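Right, one structure below, let's go through it.
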Amino acid sequence: MAPEDLARLHAAAFTTLRPWSAAEFETLLASPYVFLAAQPQGFALGRVIADEAELLTLATDPAHRRQGLGRDLLHRYHDTAQQRGATTTFLEVAEDNQPAIALYHSDGYAIMAQRRDYYRTTQGTRLAALIMRRALP
């Protein structure tokens, strides 16, 4: 997927929080630490440094939600992170994103911390980021 495609899908998936631009995706993808797991209807973008992985974002087309796509992309992200040497993975999720939080909990993630007022919504309010962690086998 090209950075423009990623930005378009990200904008469709993230309507409450500011979506990322094509330029931001292009910059991230230029890093040797960053990797992409993608399908036409969604993607997971992650990075591995040393033995730690971070899920930078996971986006699915709203028309294809609740079909297992997010879980499939999450597992692809885990597989690639492990192949790159990660033993632990982290992510941040907005406190009001209950579907994502439920997905991550069901896949073995646990909340380890919170960043207050981390995200700014399109309405100008602030939301906490939940920091979640999971061991990779």
Side-chain angles (χ1 to χ4, degrees):
M1 290 182 115
E4 295 77 17
D5 299 323
L6 297 171
R8 195 170 19 263
L9 187 51
H10 204 261
F14 289 89
T15 58
T16 304
L17 304 177
R18 181 190 71 81
W20 296 358
S21 69
E24 289 170 310
F25 280 109
E26 187 171 0
T27 298
L28 284 165
L29 291 169
S31 169
Y33 303 107
V34 174
F35 62 92
L36 178 68
Q39 295 183 9
Q41 303 84 14
F43 66 89
L45 186 71
R47 88 174 130 213
V48 173
I49 298 176
D51 64 346
E52 292 184 351
E54 179 183 9
L55 178 62
L56 300 172
T57 191
L58 190 152
T60 59
D61 182 326
H64 292 89
R65 289 189 177 149
R66 309 294 303 161
Q67 299 175 17
L69 178 61
R71 185 172 305 281
D72 180 59
L73 290 167
L74 186 61
H75 290 171
R76 289 180 185 206
Y77 158 79
H78 291 156
D79 291 344
T80 304
Q82 285 180 272
Q83 292 167 6
R84 289 178 170 226
T87 58
T88 305
T89 181
F90 298 88
L91 61 83
E92 294 171 351
V93 60
E95 66 182 326
D96 69 339
N97 192 342
Q98 292 306 313
I101 294 167
L103 169 66
Y104 300 139
H105 273 303
S106 72
D107 210 65
Y109 283 83
I111 297 171
M112 59 175 278
Q114 181 183 91
R115 290 189 177 143
R116 297 178 60 105
D117 299 330
Y118 184 76
Y119 292 110
R120 178 173 292 202
T121 68
T122 54
Q123 295 80 27
T125 59
R126 297 278 191 167
L127 295 170
L130 304 179
I131 302 169
M132 302 181 80
R133 176 177 58 195
R134 176 189 190 271
L136 295 172

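Computed from a prediction, not measured in an experiment: that's the story for all the values here.
By the 4.5 Å heavy-atom criterion applied to side chains, Arg71 and Ser106 are counted as neighbours. Annotation: side chain of Tyr104 is in contact with side chain of Leu74 (closest heavy-atom distance under 4.5 Å). Residues Glu95 and Tyr119 form no side-chain contact, since every pair of their non-hydrogen atoms from C-beta on lies 4.5 Å or further apart. Contact annotation: the side chain of Leu130 never approaches that of Leu91 to less than 4.5 Å [non-hydrogen atoms, C-beta and beyond]. Leu73 is listed as a side-chain neighbour of Thr60, based on a closest heavy-atom distance under 4.5 Å. For the pair Asp107 and His105, the minimum side-chain heavy-atom distance is 4.5 Å or more. In this structure the side chain of Gln82 reaches within 4.5 angstrom of the side chain of Pro137, judged on heavy atoms. Counting only heavy atoms from C-beta outward, the side chains of Gln114 and Ile131 never approach each other to under 4.5 Å.
Here the shortest heavy-atom pairing between Gly46 and Tyr77 reads CA-CE1, 3.8 Å. Scanning all heavy atoms of the two residues, the minimum distance from Pro19 to Phe14 falls at CD-O, 4.0 Å. Minimum heavy-atom separation, Gly42 to Leu69: N-CD2, 4.1 Å. When all heavy atoms of Ala22 and Pro3 are compared, the pair lying nearest together is O-CB, 3.4 Å. Shown here for Ala86 and Ala53, the closest heavy-atom pair between the two residues is CB-CB, 3.7 Å.
Hydrophobic clustering keeps Leu127 apart from Val93 (ILVMFWY residues linked when any side-chain heavy atoms are closer than 4.5 Å, directly or through intermediates). Hydrophobic clustering places Met132 together with Val48 (ILVMFWY residues linked when any side-chain heavy atoms are closer than 4.5 Å, directly or through intermediates).
Of the inter-residue distances, the one linking Phe25 atom CZ with Met1 atom CE reads 9.5 Å to the nearest 0.5 angstrom. With values rounded to the nearest 0.5 angstrom, Phe35 atom CZ is found 9.0 Å from Gln83 atom CD. For the atom pair NE2 (His75) and OG1 (Thr80), the distance works out to 12.5 Å, reported to the nearest 0.5 Å. Here the CG-CD distance, from Leu56 to Glu24, works out to 11.5 Å after rounding to the nearest 0.5 Å. Atom CG of Asp61 is separated from atom CD of Gln67 by 9.5 Å, given to the nearest 0.5 angstrom. In this structure, CD1 on Ile111 lies 6.0 Å from CD1 on Ile101, to the nearest 0.5 angstrom.
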Inset, instruction - Could you go through the salt bridge (charged side-chain N to carboxylate O under 4.0 Å, His left out) check for Arg76 and Asp79 one step at a time? - result: CA-CA 5 Å; Arg76 289 180 185 206; Asp79 291 344; over 6 Å; no
Inset, instruction - Could you give me the CA-CA distance, side-chain angles and deciding distance for Thr122 and Arg18, then say whether side-chain contact (heavy atoms from CB on, under 4.5 Å) is met? - result: CA-CA 6 Å; Thr122 54; Arg18 181 190 71 81; 5.7 Å; no
Legend entry - Check against side-chain contact (heavy atoms from CB on, under 4.5 Å), Phe43 and Leu9: CA-CA 9 Å; Phe43 66 89; Leu9 187 51; 3.7 Å; yes
Inset, instruction - Applying side-chain contact (heavy atoms from CB on, under 4.5 Å), run through Leu136 and Thr88 and close with a yes or a no. - result: CA-CA 5 Å; Leu136 295 172; Thr88 305; over 6 Å; no
Inset, instruction - Verify side-chain contact (heavy atoms from CB on, under 4.5 Å) between Thr89 and Glu54, making sure each step is shown before the conclusion. - result: CA-CA 5 Å; Thr89 181; Glu54 179 183 9; 6.0 Å; no
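Taking the charged nitrogens against the carboxylate oxygens, Glu52 and Arg47 have no contact shorter than 4.0 Å, which rules out a salt bridge.
For the pairing with Leu45, the side-chain contact (heavy atoms from CB on, under 4.5 Å) check across Leu58, Leu55, Leu29 returns one residue only, Leu29.
In terms of modelled atom types and a separation under 3.5 Å, the side chain of His10 and the main chain of Trp20 share a donor-acceptor contact.
Among pairs with a residue in residues 124-137, those fulfilling side-chain hydrogen bond (donor to acceptor under 3.5 Å, both in side chains) read Thr121-Thr125, at least two apart in sequence or across chains.
For an aromatic pair to be called close, the ring centres must be under 6.0 Å apart, and His78 with Tyr109 satisfies this.
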